Novice: 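Okay, handing you the structure first.
If you're wondering where the values come from, they're calculated on a predicted model, not measured in any experiment.
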Amino acid sequence: MRELSIPTVAGVFDAMVAGPREGRPVLLLHGFPQTALVWRRQIAALAAHGYRVVAPDQRGYSPGARPRRPEDYRMHLLVADVVAITEELGWPAFDLVGHDWGGAVAWWTADAHPGRVRTLTVVSTPHPGALRGDEDQRERSRYMRDWRETPATEEPMLAHDAQELRTLFAGKVPRDSTEAYLRHLSRPEALAAALNWYRAGRPDRAIGVVEVPTLYVWSTEDSAFGVAAAQQTGRWVEGPYRFETLQGVSHWVPEEAPEALSRLLLDHLRTHGAYRTATDTPTADSPRR
């Protein structure tokens with residue numbers, strides 16, 4: 001596993017990479033308030049099985065791709081980053097994995113670019129369409145509105161040795177990873193950029209159903225996403241779909257249950273290894289409108 005810099009039109013993305021260059025490409029997208037480090041166990045597992053794995057620090061988390069305006073974090077731009085990164089890597093098609101905000105970007109990318117995404121794996125985050133009309137989910141998502149609408153949210157988050165951020169992890173994230181995330185977000189403008197994902201506003205268009213083979217992994221102790229939205233997610237997938245529930249696991253699945261997640265991910269990739277790729281899908285380079 002080594003570090004990699006990926007230059008794109010949006011800036012330079014820092015990333016972690018492992019596995020043989022000729023291996024089947026897999027892109028891993030992290031969420032808030034973490035970095036690509038969240039995937040270190042899955043990166044190792046996938047690379048050991050011959051996959052070429054790249055996990056970038058996304059827009060705002062990479063210092064070289066950190067615009068200041070909230071509107072520069074709109075969903076279509078986050079999706080464009082995925083396309084730009086994979087094009088720079090020379091990947092016409094790839095398997096896509098996302099957790100938390102990375103999961104949201106993964107859903108939108110699979111919807112907009114089904115010819116590029118060979119398979120989709122989303123951890124924790126339901127399909128955006130499944131989040132609508134659920135009172136329980138509205139209550140669970142109240143923190144998003146608070147972070148979006150409260151000025152200078154980053155100041156209390158970093159106060160008292162970032163106690164508020166530490167509390168989010170609820171002791172479920174390894175201490176060395178927690179300290180690495182907090183060091184990263186304590187740098188000038190880093191946390192403000194991460195919070196701009198919440199402040200950017202709603203996507204520019206409605207998302208549709210996903211056509212690619214999809215694995216959705218939800219955990220019963222997830223405080224951010226409830227069971228109703230999780231169960232409704234399958235209604236938004238037209239391709240082969242697998243829903244897995246991890247009992248007694250919190251929101252921080254990649255680090256709290258790394259072996260279980262890696263097993264599910266590897267099985268999903270093996271099952272759909274022969275699915276269509278960008279080289280044999282006519283609409284591969286044309287986003288869906």
Side-chain angles (χ1 to χ4, degrees), residues 1-8 10-19 21 23-48 51-67 73 77-89 91 94-107 109 117 120-125 165 168-169 172-187 189-191 193-197 217 251-258 261-262 265-266 269:
M1 196 178 307
R2 63 182 179 85
E3 296 180 352
L4 177 70
S5 293
I6 306 173
T8 73
V12 179
F13 290 87
D14 301 330
M16 300 172 67
V17 60
R21 289 183 179 274
R24 176 174 158 181
V26 183
L27 190 74
L28 307 175
L29 304 177
H30 69 85
F32 178 90
Q34 298 174 297
T35 66
L37 181 65
V38 68
W39 297 114
R40 60 180 175 177
R41 300 285 292 276
Q42 288 74 40
I43 293 172
L46 290 169
Y51 292 90
R52 179 65 167 178
V53 192
V54 173
D57 287 346
Q58 294 201 78
R59 178 178 291 232
Y61 294 84
S62 286
R66 184 175 289 164
Y73 293 80
L77 297 174
L78 304 176
V79 171
D81 289 344
V82 172
V83 175
I85 287 170
T86 53
E87 286 183 342
E88 178 63 26
L89 292 169
W91 294 357
F94 53 94
D95 297 283
L96 183 59
V97 183
H99 173 249
D100 189 77
W101 263 113
V105 177
W107 283 118
T109 302
V117 178
L120 174 67
T121 300
V122 179
V123 185
S124 302
T125 314
L165 285 176
L168 291 178
F169 295 127
K172 304 299 183 179
V173 174
R175 183 171 181 177
D176 61 336
S177 295
T178 296
E179 296 304 324
Y181 300 143
L182 297 182
R183 284 194 301 272
H184 189 93
L185 292 173
S186 295
R187 295 167 184 161
E189 300 183 359
L191 183 54
L195 287 168
N196 278 341
W197 285 58
V217 181
H251 178 74
W252 312 107
V253 175
E255 291 167 305
E256 187 179 353
L261 179 58
S262 294
L265 178 54
L266 284 164
L269 296 178

Novice: Taking all non-hydrogen atoms of both residues, which atom of Val38 and which atom of Pro254 are closest, and how far apart?
Specialist: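 Smallest interatomic distance, heavy atoms only, reads O-CB, 3.7 Å.
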Novice: Would you call the rings of Trp197 and Tyr73 parallel, tilted or perpendicular if under 30° counts as parallel and over 60° as perpendicular?
Specialist: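 Trp197 and Tyr73: tilted rings.
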Novice: Check each of Arg41, Lys172, Gln34 against Glu255 using the side-chain hydrogen bond (donor to acceptor under 3.5 Å, both in side chains) test, and report the only one that passes.
Specialist: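 The single option meeting the side-chain hydrogen bond (donor to acceptor under 3.5 Å, both in side chains) with Glu255 is Gln34.
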Novice: Between Glu256 (side chain) and His251 (backbone), is there a donor-acceptor pair under 3.5 Å?
Specialist: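 No; judged by distance alone, with no hydrogens or angles, the pair does not exist.
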Novice: Can you check whether Gly19's main-chain N or O pairs, donor with acceptor, with Arg52's side chain at less than 3.5 Å?
Specialist: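 Answer holds: yes.
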Novice: In sequence, state the C-alpha distance, the side-chain angles, and the governing distance for Gln42 and Val97, and then conclude on side chain to side chain contact (heavy atoms under 4.5 Å, CB included).
Specialist: CA-CA 10 Å; Gln42 288 74 40; Val97 183; over 6 Å; no
Novice: What I'd like to find out is whether the side chain of Phe32 reaches to under 4.5 Å of the side chain of Leu191, using heavy atoms alone.
Specialist: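 Sidechains of Leu191 and Phe32: in contact.
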Novice: Under a plain distance cut-off of 3.5 Å, with no hydrogens placed, do Ser124 and His99 share a side-chain donor-acceptor pair?
Specialist: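 Present: a donor and an acceptor within the cut-off.
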Novice: With rounding to the nearest 0.5 angstrom, report the CZ to CG distance, Arg24 to Leu269.
Specialist: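 It comes to 5.0 Å.
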Novice: Let me confirm one number: the CG-CG distance from Leu165 to Leu182, rounded to the nearest 0.5 Å.
Specialist: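 If we round to the nearest 0.5 Å, Leu165:CG and Leu182:CG are 6.0 Å apart.
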Novice: Compare every heavy atom of Ala15 with every heavy atom of Pro56, then report the nearest pair and how far apart it is.
Specialist: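 Heavy atoms of Pro56 and Ala15 come nearest at CA-CB, 3.7 Å.
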Novice: Is the side chain of Trp252 donor-acceptor paired with the backbone N or O of Leu168 at a distance under 3.5 Å, no angle test?
Specialist: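 Indeed, once roles are kept as given, a pair shorter than 3.5 Å links the two residues.
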Novice: Nearest 0.5 Å please: distance from the CG atom of Leu265 over to the CG atom of Leu28.
Specialist: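 It is 7.5 Å, given to the nearest 0.5 Å.
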Novice: Kindly compute the distance separating OG1 (Thr121) from CG (Asp95), expressed to the nearest 0.5 Å.
Specialist: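 Between atom OG1 of Thr121 and atom CG of Asp95 there are 7.5 Å.
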Novice: Between Thr35 (side chain only) and Asp57 (backbone N and O only), is there a donor and an acceptor less than 3.5 Å apart?
Specialist: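 Answer holds: no.
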Novice: Any side-chain heavy-atom pair from Leu195 and Pro33 closer than 4.5 angstrom?
Specialist: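 Counting from C-beta outward, Leu195 and Pro33 never come under 4.5 Å.
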Novice: Yes or no on side chain to side chain contact (heavy atoms under 4.5 Å, CB included) for Trp91 and Ile85, after CA distance, side-chain angles and deciding distance?
Specialist: CA-CA 9 Å; Trp91 294 357; Ile85 287 170; over 6 Å; no
Novice: For a quick test of reading the model, state the closest non-hydrogen atom pair linking Ala55 to Ala36 and the distance between them.
Specialist: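 What the structure gives for the nearest pair is O-CB, 3.1 Å.
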Novice: Closest heavy-atom contact between Gly103 and Val122?
Specialist: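 So the two residues come closest at CA-CG1, 3.8 Å.
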Novice: Which heavy atom of Thr125 sits nearest a heavy atom of Trp101, and at what distance?
Specialist: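 So the minimum-distance heavy-atom pair works out to OG1-N, 4.5 Å.
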Novice: Answer yes or no: is there a donor N or O on one side and an acceptor on the other, between the side chain of Arg40 and the main chain of Ser177, under 3.5 Å?
Specialist: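 Side chain of Arg40 to backbone of Ser177, a donor-acceptor pair under 3.5 Å: no, none is there.
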Novice: Kindly give the heavy-atom pair with the smallest separation between Leu37 and Tyr181, and that separation in Å.
Specialist: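 Scanning both residues completely, I find the closest heavy atoms to be C-OH, 3.7 Å.
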Novice: Could you grab the distance from atom CG of Leu29 to atom CG of Asp100, nearest 0.5 Å is fine?
Specialist: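 Result: 11.5 Å between the selected atoms.
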Novice: Checking Phe94 against Leu89 for the side chain to side chain contact (heavy atoms under 4.5 Å, CB included) test, could you report, in this order, the C-alpha distance in whole Å, the side-chain angles of both residues, the deciding distance, and whether it holds?
Specialist: CA-CA 10 Å; Phe94 53 94; Leu89 292 169; over 6 Å; no
Novice: Between His30 (side chain only) and Gln58 (backbone N and O only), is there a donor and an acceptor less than 3.5 Å apart?
Specialist: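 Yes: the side chain of His30 pairs with the backbone of Gln58.
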Novice: Any side-chain heavy-atom pair from Arg59 and Leu77 closer than 4.5 angstrom?
Specialist: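 In short, these two side chains touch, coming nearer than 4.5 Å.
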Novice: Check this for me: Arg175, atom CZ, are more than 12 non-hydrogen atoms of other residues, nucleotides or ligands nearer than 6.0 Å?
Specialist: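 It does not: Arg175 CZ has 12 such atoms or fewer within range.
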Novice: About how many Å separate OG1 of Thr86 and CG of Leu96, when rounded to the nearest 0.5 Å?
Specialist: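 Here the interatomic distance stands at 9.0 Å.
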Novice: Checking the side chain of Arg66 only, and the main-chain atoms of Tyr61 only, is there a donor and an acceptor separated by less than 3.5 Å?
Specialist: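 It does hold such a pair.
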